[in-house]
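Indexing begins at 1, ligand by ligand and atom by atom, following the structure's order. Residue numbers start at 1 and run along the sequence shown. All values below were derived from every heavy atom in this structure, side-chain atoms included, with hydrogens, water molecules and symmetry-related copies excluded.
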Amino acid sequence: MAAVKEKKQYLCSACGATHLRWAGKCAECGEWNTLEEAPARLPDKGRAGMASVENLGRPVALPQVAQDDQPRLLLRMAELGRVLGGGIVPGACVLVGGDPGIGKSTLLLQMAADVARHSGTVLYVSAEESAHQIGRRASRLGIREERLLVLAEIVVESIADQIEAVRPALVIVDSVQAIYSGSGSSAAGTVSQVRDCAATLLRVGKAQNIPIFLVGHVTKEGTIAGPRVLEHMVDAVLQLEGERFHAFRLLRSIKNRFGSTNEVGVFEMTELGMQEVANPSELFLAERLPNATGSTIAVSMEGTRPLLVEVQALCSTTTFSMPRRTANGVDPNRLLLLAAVLSRRVGLDLGDQDIFVNVVGGMRVDEPAADLAVAVAIASSLRNRPVYADLAIVGEVGLSGELRSVGQLARRLHEAKKMGFTRALAPSSTLQRGGGDSPPQGIEVIGVRTLSDALGVALLK
Ligand code: TYD
Ligand code: MG
């Protein structure tokens, strides 16, 4: 092969774009001071992420392409298995992201124990904590599997050697930002290092058909630190979310080549590690005071899963010249919009009111279908009239004060009924449109056209 001249190039640590010249600002994403020097890729390195090595560069007729007939590794942790699309696919590379301290290491150690107990050897590579620390965590969690091997190592080439020597059924690398390549020139954690290390592990995993889970930390901005490039290289990206001061953790799939990205797993962080929550709605409603003003129940969808959450609002006369609008768990812009619609279309006098909105349990509801519940909660607090305790609420609010239809109404109603609600408030447009599954028996669905009508039905006289 003719010698490839090493040409310099620069990688943006925010978006992963490649530039031929250094610049203060990335032309792709507009971030400043994010370009880092990286050696140009040799042609064969670019193939690191390819699934099959044997037919590389040779066209094959589709029916002759070997079907992957290897079964998935099934997990006893059902929530985790569901988010993965039904178990771990052999040879898959999965990136698990999340804020520091959110519980990534805990969850993956539990998963490692699960696989070690039921399927085969697991290699847990710890680059951040010593084997001793992992051991302490494991004993606290009651994990003592013989087939769970712990390797404290930070050089990716040594990790690759160990994977080839041990041939485990599963590899976990915690974290990808803490390992480095001995052949690379830059320090651990830089974009090119993280990319090269991931590529090396990916190559080993694909060649040996071993699934690899990479832990990645998340930056303040919410992207998996530096290497957006990693998101493109791996087969699946899972994100562990939650608030530090609440025990609930949501595991979302952001990308999944082997399953739906709509799945969400709900966990609770306890002294015994991450416990699966089979019925999250029950958990979020547990501490509800039924006849408090400003409290409503929204039926929100997390992917394909309906979830009942309590939305609380409090209006209080402001002591400032500009009243405050504080949103916890809902989009602040959505709150501003709803407050404006309530003032202009319903005639509520919110001009001198501070408004606080909170979704209970540290949950976030980003769906517009939660609008109506938020708006009703605000009106309930302002008018000091409670909302009927047996009423669940869904609907998007438009700028004219009209209620707009929402998706998957039947599923939402089934969940509401399951949780003991006997009535539901929904946009009449959704009811007329029908379609989808039929709504369940035993729950009265009240269709309303406008926000004013909704308040007439929802608030106790
Ligand atoms: P960890 O898994 O180390 O988080 P990450 O790897 O995402 O940084 O978990 C950190 C927190 O979880 C820590 O503050 C202690 C808490 N924790 C529990 O509450 N219960 C447990 O059983 C364990 C192992 C940790
Ligand atoms: Mg950790």
Side-chain angles (χ1 to χ4, degrees), residues 75-77 79-80 83-84 93-117 122-145 148-154 156 159 170-180 188-189 194 197-198 201 212-227 230-231 234 236-254 264-277 280 283 361-364:
L75 296 173
R76 298 303 177 279
M77 301 171 77
E79 291 280 297
L80 185 55
V83 177
L84 285 167
C93 185
V94 180
L95 179 64
V96 180
D99 289 322
I102 203 81
K104 301 180 293 298
S105 303
T106 308
L107 183 66
L108 290 181
L109 188 62
Q110 289 177 270
M111 181 182 81
D114 186 340
V115 172
R117 193 169 310 147
V122 179
L123 184 64
Y124 189 104
V125 182
S126 178
E128 290 182 354
E129 295 164 285
S130 66
H132 192 69
Q133 282 172 302
I134 305 288
R136 262 213 310 266
R137 177 179 297 137
S139 73
R140 206 172 50 214
L141 298 173
I143 294 171
R144 50 181 80 78
E145 303 311 320
L148 176 47
L149 309 179
V150 179
L151 170 68
E153 178 61 77
I154 53 172
V156 72
I159 297 172
L170 169 70
V171 176
I172 293 163
V173 178
D174 187 359
S175 69
V176 69
Q177 275 118 344
I179 57 176
Y180 76 97
V194 169
C197 289
L201 293 171
I212 299 188
F213 278 62
L214 303 173
V215 174
H217 293 297
V218 167
T219 58
K220 287 197 298 295
E221 292 75 35
T223 54
I224 294 184
L230 274 192
E231 296 189 16
V234 299
V237 180
L238 307 184
Q239 178 88 22
L240 191 59
E241 298 173 358
E243 283 193 25
R244 263 209 131 137
F245 302 106
H246 286 99
F248 314 118
R249 302 283 183 268
L250 256 61
L251 186 69
R252 278 176 211 281
S253 140
I254 299 174
V264 177
V266 183
F267 297 87
E268 187 177 6
M269 186 58 126
T270 68
E271 301 90 82
L272 294 174
M274 300 275 265
Q275 303 286 333
E276 310 199 333
V277 178
L283 201 75
M363 271 292 297
R364 273 204 73 78

Exercise for the section: Report yes or no: does Asp114 contribute a side-chain atom to a donor-acceptor pair with the main-chain N or O of Met77 at less than 3.5 Å? Expected result: yes
Handout entry: Top protein contact for atom 21 (C) of ligand 1, by heavy-atom distance
Key = Thr270 O, 3.5 Å
Handout entry: Any Gly103 heavy atom less than 4.0 Å to ligand 1
Key = yes
Completion exercise
In this structure, atom 3 (O) of ligand 1 is nearest to the protein heavy atom Arg137 NH2, 3.0 Å
Handout entry: atom 12 (O) of ligand 1 [closest protein heavy-atom partner, distance rounded to 0.1 Å]
Key = Met269 CE, 3.0 Å
Practice task
State the atoms of ligand 1, each with its element, that fall below the 4.0 Å cut-off from a heavy-atom position in Ser105.
Solution key: 2 (O), 5 (P), 6 (O)
Completion exercise
of all protein heavy atoms, closest to atom 2 (O) of ligand 1 is Thr106 OG1, 2.5 Å
Practice task
Look only at interatomic distance and state if Leu141 has a nitrogen or oxygen under 3.5 Å from any nitrogen or oxygen of ligand 1.
Solution key: no
Handout entry: Donor-acceptor contact below 3.5 Å, side chain Glu79 vs main chain Val266
Key = yes
Exercise for the section: Measure from atom 15 (C) of ligand 1 to the protein's non-hydrogen atoms and state whether any distance is below 4.0 Å. Expected result: no
Problem - Nearest-contact summary for atom 11 (C) of ligand 1 - protein heavy atom, Å - result: Gly101 O, 3.6 Å
Exercise for the section: Answer yes or no: does an N/O atom from Lys104 fall short of 3.5 Å to an N/O atom of ligand 1? Expected result: yes
Fill in the blank from the handout: atom 23 (C) of ligand 1 has as its nearest protein heavy atom Arg140 NH2, 3.2 Å
Exercise for the section: May I ask you to check if any N/O/S atom from Ser105 comes under 2.8 Å of the Mg ion (ligand 2)? Expected result: yes
Practice task
State the atoms of ligand 1, each with its element, that fall below the 4.0 Å cut-off from a heavy-atom position in Gly273.
Solution key: 21 (C), 22 (O)
Exercise for the section: Find all atoms of ligand 1 within a distance of less than 4.0 Å from any non-hydrogen atom belonging to Pro100, and give their numbers and elements. Expected result: 8 (O)
